[in-house]
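Below is one structure, written out as C-alpha cells; comments come after it.
Atoms within a ligand are numbered from 1 in the order they appear, just like the ligands themselves.
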Amino acid sequence: MEISKIATGGGRKLYIETYGCQMNVGDTEIIVSIMQQEGFIYTDKIEEADIILVNTCSIRDNAEQRIWGRLKEFQRFKRAKRSLIVGIVGCMAERLKEQLLEREPIVDIVAGPDSYRDMPRLVAAASAGGKGINVALSQEETYGDIRPVRLDSNGVSAFVSIMRGCINMCAYCVVPYTRGIERSRDPETILRELREIYAAGYREVTLLGQNVNSYRWKNAEGEVVVDFPRLMEMAAAVAPDLRVRFATSHPKDLSDRLIEVMASHHNICKAIHLPAQSGSTRMLGLMNRKYTREWYLGRIAAIRAAMPDCAITTDLIAGFCSETLEDHAETLSLMREVGYESAFMFKFSLRPNTYAARHMTDDVTEQEKTRRLTEIINLQNELSIASNRRDVGKTFEVLIEGFSKRSDKQLCGRTSQNKMVVFDAAEGLGAGDYAMVTITDCSSATLFGELVK
Ligand code: SAH
Ligand code: SF4
Ligand code: F3S
C-alpha cells in the first residue's frame with residue numbers, strides 16, 4: 001500500500017459546526033467526505049469528538065463575534081480531553097490567519113476554504129503537538145471530484161456548488177478576500193453529482209455560488225463552452241421531476257438568455273434571488289455594484305414580462321458609508337416598486353481591508369443604522385404578507401419535504417416560488433412527492449392549503 005493511502009484518521013471522531021452561507025454548508029460536506037476517506041468518523045455529538053472543527057463566516061462583525069464566543073465555550077471540552085484538537089476553517093480562518101492562533105490558544109488548526117484536501121495533514125501536525133495552518137488560496141480548486149457527504153438533509157432537496165470565489169469587489173464585502181478569485185467547476189462533475197442525487201431520491205437541487213450566473217466553463221483554447229444558461233438547461237434535462245434552483249445571482253449577470261431558459265423549463269423554479277443592496281444609484285456606485293437603480297428595475301421588468309408568476313427576493317444593506325435619508329428613502333421605494341416576496345436585511349458592518357475600510361468613512365451612526373433597518377424590515381413584512389395574500393385561492397405544485405414541524409397529520413413542502421405550504425396529510429403522499437395544493441390561508445411566513453382531489 002502506498003504511504004499516502006494509509007488512513008490517518010484511525011477511527012477518531014470528527015465534529016463540525018457550520019456558520020455563514022450555503023457555500024459553507026456545502027464545504028462542510030466536502031470536509032467530512034475528505035476526512036472519512038482518511039478514516040475519521042463523523043459525529044453530531046460534540047461530547048464524543050476527538051476533533052472539533054468550526055466552519056466560520058466573516059461577512060459581518062457580529063458573525064465573527066459569535067465564533068469568538070463559541071471558542072471560549074470549547075475550553076471546557078479541551079480541559080476534559082487534553083488530546084482534543086480544535087480547528088477553525090472557512091472565511092474567518094482565511095481572513096485572520098496566524099492571528100487566530102495568537103489570540104486563542106485553544107486553536108490548533110487554521111484552514112482556509114481552498115485547503116480542505118490538506119485537512120488530514122493539518123490534523124496530523126496538531127496531533128504531533130504542533131499547529132496546523134494552511135491559508136493558501138487557489139485559482140483552480142473546486143473540489144469537483146469530491147462527493148459531499150450530505151448532512152442534516154431532508155433527503156428531498158440538496159445544494160450543489162458549481163463555482164467558488166468572487167471577483168466582483170463590492171466595496172463593503174470580504175468574500176473576494178476570504179474565498180479568492182472566481183472559478184467554475186467542470187460541468188461533467190456537476191451533472192454526475194445531479195444524476196447521483198436524483199438516483200438517491202432527491203427531487204430538488206440548488207446550484208450554488210457567490211455569483212452563480214457568471215458561471216463559465218472554458219475549453220483548453222480558452223473559449224467558453226458552457227455558460228450559466230446552458231448549464232441550467234443541462235441541469236433541467238437530468239430529470240423532468242428534478243427541480244432546479246440557483247443562488248445567488250448578481251443583477252449585472254442576469255441575462256435575457258437566462259430568463260428565457262427559466263421561462264421555458266417547467267422544472268426550473270420560478271424564483272430569483274437578486275440582491276439589490278440599495279435603491280439609490282449613488283449608493284450603488286459607491287458600493288461598486290456595477291448597475292443603477294433604473295438598470296436593476298429594467299431586469300425586474302424583463303423577469304416579470306417572461307414569468308409573471310416568478311418570485312423575486314433580495315438582500316439589502318442599511319447605512320452604508322455616506323448614506324443619506326434620501327438614499328434610504330430610495331431603498332424603501334425600490335422595495336415597494338418591486339414588491340419583494342422576502343428579503344435578507346442587514347446593517348452595514350465595516351470589514352477590515354475592504355475598499356470601504358480603506359477609502360470611505362463609516363459615518364452613519366449605529367442608532368441611525370438600526371432605525372433605517374427597522375423601517376426596511378417593517379416594510380418587507382408588509383410586502384411579504386401582501387404577497388402571501390395574493391396567493392390565497394391559487395393552486396400550486398408543491399414538492400413535499402416531510403411532515404410539518406407542528407404535527408405529523410400535516411405535510412409541508414415548497415412551491416416553485418420557494419414558499420412553504422402546510423396542508424393535511426393524505427394516504428400515499430410523502431417526502432419527495434409532488435402534490436397540487438390550493439391555498440386557503442396564510443401567515444407572514446407560511447401558506448396553508450388543501451390538496452386538490
Ligand atoms: N454573493 C452574494 C452575497 C454574498 S453575502 C451577492 O453578491 O449577492 C450576503 C449578503 O450579505 C450580501 O448580499 C449583502 O447584502 C450582505 N453583506 C455583505 N457584506 C456586508 C457588510 N459588510 N455589512 C452588511 N451586510 C453585508
Ligand atoms: Fe460580495 Fe459582491 Fe461578491 Fe457578492 S458579488 S460575494 S456582495 S463581492
Ligand atoms: Fe460568510 Fe464566507 Fe459565506 S464570509 S457569507 S461564509 S462566503
Between atom 3 (Fe) of ligand 2 and H250, is there an N, O or S atom separated by less than 2.8 Å?
-> no
Identify the protein heavy atom lying closest to atom 24 (C) of ligand 1, giving its residue, its atom name and the separation to 0.1 Å.
-> K347 O, 3.3 Å
In this structure, atom 15 (O) of ligand 1 is nearest to the protein heavy atom Q277 OE1, 2.7 Å
Hey, is H250 one of the residues with a heavy atom under 4.0 angstrom from ligand 1?
-> no
Does the pair T28 and N55 meet the rule for a side chain to side chain donor-acceptor pair (under 3.5 Å), with working shown?
-> CA-CA 7 Å; T28 288; N55 196 355; 3.0 Å; yes
F246 ring center near F228 ring center (under 6.0 Å) = yes
Is R179 touching ligand 3 with its side chain, its backbone, both, or neither, if touching means heavy atoms under 4.0 Å apart?
-> side chain
Are there more than 12 heavy atoms of other residues, nucleotides or ligands under 6.0 Å from atom CG of D145?
-> yes
Residues R257 and D227 bridged, charged N to O under 4.0 Å = no
Answer with side chain, backbone, both or neither: which part of P176 has a heavy atom less than 4.0 angstrom from an atom of ligand 2?
-> side chain
For E294, look at atom CD and say whether over 12 heavy atoms of other residues, nucleotides or ligands are found less than 6.0 Å away.
-> yes
Protein heavy-atom partner closest to atom 16 (C) of ligand 1 - residue, atom, separation in Å | R60 NH1, 3.3 Å
Could you tell me whether R299 sits above the aromatic face of Y291, with NZ or CZ closer than 6.0 angstrom to the six-membered ring centre and within 45 degrees of the axis?
-> no
Test the R203-Y198 pair against the cation-pi criterion, namely NZ or CZ under 6.0 angstrom from the six-membered ring centroid and within 45° of the ring axis.
-> yes
Write out the residue and atom name of the closest protein heavy atom to atom 1 (Fe) of ligand 2, then the distance separating them to 0.1 Å.
-> C173 SG, 2.3 Å
N or O pair under 3.5 Å between N211 and ligand 1 = no
List the closest protein heavy-atom neighbour of atom 7 (S) of ligand 2: residue, atom name, distance to the nearest 0.1 Å.
-> Y172 OH, 3.4 Å
Check the pair S387, K419 against side chain to side chain donor-acceptor pair (under 3.5 Å), reporting the backbone distance first and the verdict last.
-> CA-CA 10 Å; S387 158; K419 287 188 186 178; 2.6 Å; yes
Residue Y355 excluded, over 12 heavy atoms near OH under 6.0 Å = no
Considering heavy atoms of the protein only, find what lies nearest to atom 4 (C) of ligand 1 and give residue, atom and distance to 0.1 Å.
-> Q210 OE1, 3.3 Å
For ligand 2, is any non-hydrogen atom under 4.0 Å from N211's backbone (N, CA, C, O), its side chain (CB onward), both, or neither?
-> neither
Heteroatom proximity flag, R351 to ligand 1, N/O under 3.5 Å | no
With a 4.0 Å heavy-atom cut-off (strictly under), which part of C91 contacts ligand 3: side chain, backbone, both or neither?
-> side chain
Pick, from N24, V175, V174, T178, the option with the minimum heavy-atom distance to atom 6 (S) of ligand 3.
-> N24
Closest protein heavy atom to atom 3 (Fe) of ligand 2, given as residue, atom name and distance to 0.1 Å | C166 SG, 2.3 Å
Which residue owns the protein heavy atom closest to atom 8 (S) of ligand 2, what's the atom, and how far is it?
-> C170 N, 3.4 Å
Less than 3.5 Å between some nitrogen or oxygen of S349 and one of ligand 1, yes or no?
-> yes
heavy-atom search around atom 4 (Fe) of ligand 2 in the protein gives Q210 O, 4.3 Å
